[in-house]
Amino acid sequence: MRYSKLFIPTLRDDPADAEVISHKLLLRAGYIRRVTSGVYDYLPLALRVLRKIEAVIRQELNRSGAQELLMPMVQPCELWEKSGRMEKYGPELLRFKDRHGHDSCLGPTHEEVISDLVARELRSYKQLPMNLYQIQTKFRDEIRPRFGLMRGREFIMKDGYSFHADDACLAAEYDNMFATYCRIFERFGLNFRPVEADCGSIGGNKTHEFHVLAESGEDLIAHCSGCDYAANVEKAVSERSVQAFEAATLQSVDTPNVTSAEDVAALLSLEPSALLKTVVYRVIGGENDATVIAACVRGDDQLQEIKLIHALAADGVEMATDEEVQSIGGVSGFIGPQGLSCKLLLDQSLNEAAGLVAGANKKDAHVTGLDTARDLDAASFADLRETRAGDDCLKCGSAIELSRGIEVGQVFALGTQYTESMEVMFQNQQGKRAVATMGCYGIGVSRLMAAVVEQCNDDSGISWPPELAPFQLGLITMGKSEEVMQASETIYQQLLDAGIDVLWDERKERPGVKFKDAELIGLPMQVVIGDRGLKAGLVEMGLRSGERNEVALTDIVNLVIDQLKTSGSTN
RNA sequence: CGGGGCGUAGCGCAGCCUGGUAGCGCAUCUGGUUUGGGACCAGAGGGUCGGGUGUUCGAAUCACCCCGCCCCGACCA
């Protein structure tokens with residue numbers, strides 16, 4: 001491809017409204033442009049990268065026994081009514097009526113459509129297992145799209161669904177997909193980590209997320225320094241040794257205007273872990289729907305809301321308003337577990353704990369000497385605290401570390417959650433009707449492009465892994481002499497003939513401009529032909545990393561081929 | 001939706017406080033000189049100042065309303 005014919009609108013300055021590196025660089029290097037909130041154009045360079053990402057995914061999935069199909073983006077609402085997700089999915093599901101008044105929606109995911117398809121065609125256990133996937137544009141009307149491609153409303157996703165006659169078969173496919181995902185992310189040269197995760201709104205019972213480690217990641221993940229335990233903090237479990245405090249009688253203590261756990265601890269010269277922190281929520285969904293509840297963790301711990309939601313078997317929780325706090329007998333700023341007229345949950349680390357300090361439910365007062373076993377008989381215990389760096393791993397006892405991650409993939413063992421409601425049935429070996437069991441597997445394709453940029457960049461721009469670069473090679477012509485143009489054209493043709501994806505920068509630009517653009521765009525290798533070297537029969541071969549060598553003009557094509565082989569770049 | 005910031009030429013910004021009819025850098029176009037790391041000189045084009053209403057002799061500037069964007073919280077690939 002000739003540079004002058006390619007649509008690559010590069011920018012000299014960082015766009016003002018981009019925050020994270022991938023967003024800035026993809027905009028600056030001419031890969032993407034915003035159309036509307038959370039919706040982007042993929043310009044020619046971006047499309048090339050996307051196609052390469054897709055190619056790797058297809059290759060590995062096909063090799064693992066999955067098969068590709070393509071489902072529609074527009075879906076009838078009936079399917080969502082049938083699965084019961086119409087209400088649960090909420091406003092993220094973009095709904096509309098067609099001209100006949102038929103309720104439709106844009107597919108944010110395809111469990112319903114695939115289950116409906118399979119339900120119609122599945123008769124016998126002999127047709128199972130099967131694993132079907134697609135690479136499709138999804139639409140989720142996100143509350144807050146941000147960070148460019150990282151969290152768009154419209155995005156490209158690979159989603160796969162497997163169906164099985166029994167759970168053992170599902171478990172085997174889960175492991176198969178897990179391994180396949182590891183291979184895919186390894187081929188992208190990413191620093192990633194599979195982690196145990198919460199099932200979220202998709203449901204199911206077993207799931208792992210795949211996170212690319214990056215500062216800009218939206219998720220916090222906990223991983224053990226001594227073994228392979230890793231989990232999203234929404235799910236991570238760990239222990240820490242907390243000093244036991246001496247049992248004492250209950251006493252009230254004045255704490256005028258001192259509300260935060262840290263400040264109360266400082267005022268009373270106590271360890272923050274001696275504090276018992278009480279947070280009040282209103283429950284959404286489940287049997288406690290719309291009621292107000294209180295949850296307690298130690299003063300130096302944070303409450304993990306996802307864990308609380310699970311402990312309550314609810315759909316969600318929301319911080320209580322001051323009025324709601326009052327309605328259960330609490331006083332904002334001085335809330336304590338005693339005497340509240342509501343359901344009370346304590347973190348399990350508080351089981352049998354004594355000598356604690358907690359809010360007194362009176363303005364400007366706390367109580368000391370609180371004993372959870374003695375003073376709080378209505379409380380139930382659950383794991384509610386968020387894992388902290390330095391905690392002990394439950395598996396091996398080593399220290400837990402925390403990192404930020406970008407979730408680029410997730411595998412779920414769903415079980416029969418959708419197959420039951422969608423009636424995906426078949427006749428089993430015993431001749432009986434049975435419900436199929438199901439798994440689903442996602443990879444955020446467009447997000448992956450952003451995640452790779454987050455990990456592969458430097459001050460000059462993007463630095464693509466060879467397998468994903470939009471072109472394998474940049475051929476840069478310097479000078480305007482007839483000779484150098486002619487020599488460039490010859491090499492360009494030879495490279496093309498050798499099947500190499502080359503971008504020939506034949507623009508009438510100064511050398512600096514061409515080098516800057518090549519580096520911004522992130523091409524992994526460059527060949528430079530200039531008047532100076534040409535006289536001596538030499539050209540320059542350089543890598544994005546900076547390494548450069550003068551080589552004979554006559555050798556260049558073969559050297560490039562060798563280099564591409566060793567770097568593992570495919571076309 | 002709640003909280004914070006912002007909207008002036010393709011991009012990055014100044015001007016606004018204290019009203020007088022729009023400016024800088026980059027990019028673009030023309031001509032010339034340059035040509036191994038984002039050149040220089042000369043000239044040119046390009047703006048409903050996000051939109052509306054109001055105040056005023058006069059509004060980018062002041063007031064009110066609306067729209068859009070970015071950041072922080074709940075969602076997730």
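A, B, ... follow the sequence lines: proteins, then strands. Residue 1 opens every chain. For clarity, every value in this text was computed on a predicted model and none was experimentally measured.
- Here D517(A) lies in heavy-atom contact (under 4.0 Å) with a base.
- Backbone-only engagement by R34(A) is indicated by non-hydrogen atom pairs under 4.0 Å involving sugar-phosphate atoms exclusively.
- Rounding to whole angstrom units, CG of residue L11(A) and P of rG12(B) are separated by 7 Å.
- When both pairing distances are held under 3.5 Å, rG10(B) makes a Watson-Crick or G-U pair with rC26(B).
- Mapped onto RNA chain B by nearest heavy atom, E209(A) and G533(A) fall at different nucleotides, with G533(A) at the one closer to the 5' end.
- When each of D219(A) and R548(A) is assigned the nucleotide of RNA chain B with its nearest heavy atom, R548(A) is the one assigned upstream, toward the 5' end.
- Between the side-chain ring of F155(A) and the base of rA77(B), a stacking contact exists by the 5.5 Å and 30° definition.
- The P atoms of rA59(B) and rG68(B) are separated by 27 Å, rounded to the nearest whole Å.
- In this structure, F139(A) reaches neither bases nor backbone, as no heavy-atom distance under 4.0 Å exists between it and the strands shown.
- Judged by distance alone with a 3.5 Å cut-off, no donor-acceptor contact links the side chain of R510(A) to the base of rC40(B).
- In this model, no side-chain donor or acceptor of E509(A) finds a partner on the base of rG38(B) within 3.5 Å.
- Salt bridge annotation for E318(A)-R282(A): present, with a cationic side-chain nitrogen under 4.0 angstrom from a carboxylate oxygen.
- A salt bridge does not link K52(A) with E467(A): every distance from a Lys NZ or Arg NE/NH1/NH2 to an Asp or Glu carboxylate oxygen is 4.0 Å or more.
- Relative to the side chain of K516(A), the nucleotides rG38(B), rG36(B), rA74(B) differ in distance, and rG38(B) lies closest.
- Residue E540(A) is in base contact, counting any heavy-atom pair closer than 4.0 Å across all strands shown.
- Ion pairing of R85(A) with E111(A) is present here, as a side-chain N (NZ or NE/NH1/NH2) and a carboxylate O approach within less than 4.0 Å.
- Using N1 to N3 plus N6-O4 or O6-N4 for Watson-Crick, or N1-O2 and O6-N3 for G-U wobble, each under 3.5 Å, rA39(B) pairs with rU33(B).
- Taking every side-chain heavy atom of P511(A) into account, rU35(B) is the closest of rU35(B), rC75(B), rC76(B).
- Remark: the R146(A) side chain and the rC71(B) base include no donor-acceptor N/O pair separated by less than 3.5 Å.
- Atom CG of D531(A) and atom P of rU34(B) are 15 Å apart (whole Å).
- G38(A) comes within 4.0 angstrom of no nucleic acid atom, judged by non-hydrogen atoms across all strands.
- Across the protein-nucleic acid pair, L538(A) atom CG and rG36(B) atom P stand 17 Å apart, rounded to whole Å.
- The nucleotide rG54(B) finds its pairing partner in rC62(B), both defining distances of the Watson-Crick or G-U wobble pair being shorter than 3.5 Å.
- Spacing between atom NZ of K24(A) and atom P of rC11(B) amounts to 17 Å, rounded to whole angstrom units.
- Residue contacts shown for K138(A) are absent, as no nucleic acid heavy atom lies under 4.0 Å away.
- At a cut-off of 3.5 angstrom, the base of rG38(B) holds at least one donor-acceptor pair with the side chain of R28(A).
- Atom CG of D14(A) and atom P of rG25(B) are 21 Å apart (whole Å).
- In a base pair of the Watson-Crick type (N1 to N3 plus N6-O4 or O6-N4) or a G-U wobble (N1-O2 and O6-N3), with each distance short of 3.5 Å, rC69(B) is matched with rG5(B).
- Contact annotation for E142(A): base contact, defined as any heavy-atom pair under 4.0 Å involving a base atom.
- Taking 3.5 Å as the limit, the base of rC75(B) and the side chain of R144(A) contain no donor-acceptor pair of atoms between them.
- Separating the P atom of rG23(B) from that of rA44(B) is a span of 14 Å, rounded to the nearest Å.
- Among rC76(B), rG36(B), rG12(B), the nucleotide with an atom closest to any side-chain atom of V528(A) is rG36(B).
- Between the side chain of N62(A) and the backbone N or O of R58(A) there is at least one donor-acceptor pair closer than 3.5 Å.
- As rounded to whole Å, 12 Å separates atom P of rA74(B) from atom CG of L303(A).
- Salt-bridge check for R153(A) with D141(A): passed, with a basic side-chain N closer than 4.0 Å to an acidic carboxylate O.
- Spacing of P atoms, rG7(B) relative to rC17(B), comes out at 14 Å, to the nearest Å.
- When each of rA77(B), rA74(B), rU35(B) is scored by its nearest atom to the side-chain atoms of I143(A), the top-ranked nucleotide is rA74(B).
- A close approach under 4.0 Å does occur between a side-chain nitrogen or oxygen of R12(A) and OP1 or OP2 of rA27(B).
- The residue M157(A) sits close only to the backbone: its heavy atoms come under 4.0 Å of sugar-phosphate atoms, none of a base.
- Nucleotide rG47(B) forms a pair with no other nucleotide shown, judged by Watson-Crick or G-U wobble geometry with both contacts under 3.5 Å.
- Cation-pi geometry between R193(A) and F210(A) is not satisfied (NZ or CZ under 6.0 Å from the ring centre, within 45° of the ring normal).
- At a threshold of 4.0 angstrom between heavy atoms, the contacts of V513(A) include nucleobase atoms, whether or not backbone atoms are also involved.
- No side-chain donor-acceptor contact under 3.5 Å links R151(A) to the backbone of L149(A).
- The CD atom of E154(A) sits 20 Å away from the P atom of rC76(B) (whole-angstrom rounding).
- Atom CG in D13(A) sits about 9 Å away from atom C1' in rC13(B), given to the nearest Å.
- Looking at heavy-atom distances under 4.0 Å, P15(A) makes contact with sugar-phosphate atoms alone, never a base.
- Under a cutoff of 6.0 Å and an axis angle of 45°, R34(A) and Y40(A) do not form a cation-pi pair.
- Remark: S37(A) is not in phosphate contact with rG68(B), judged by side-chain N or O atoms under 4.0 Å from OP1 or OP2.
- Residue G530(A) is classed as a base contact, given a heavy-atom separation below 4.0 Å to a base.
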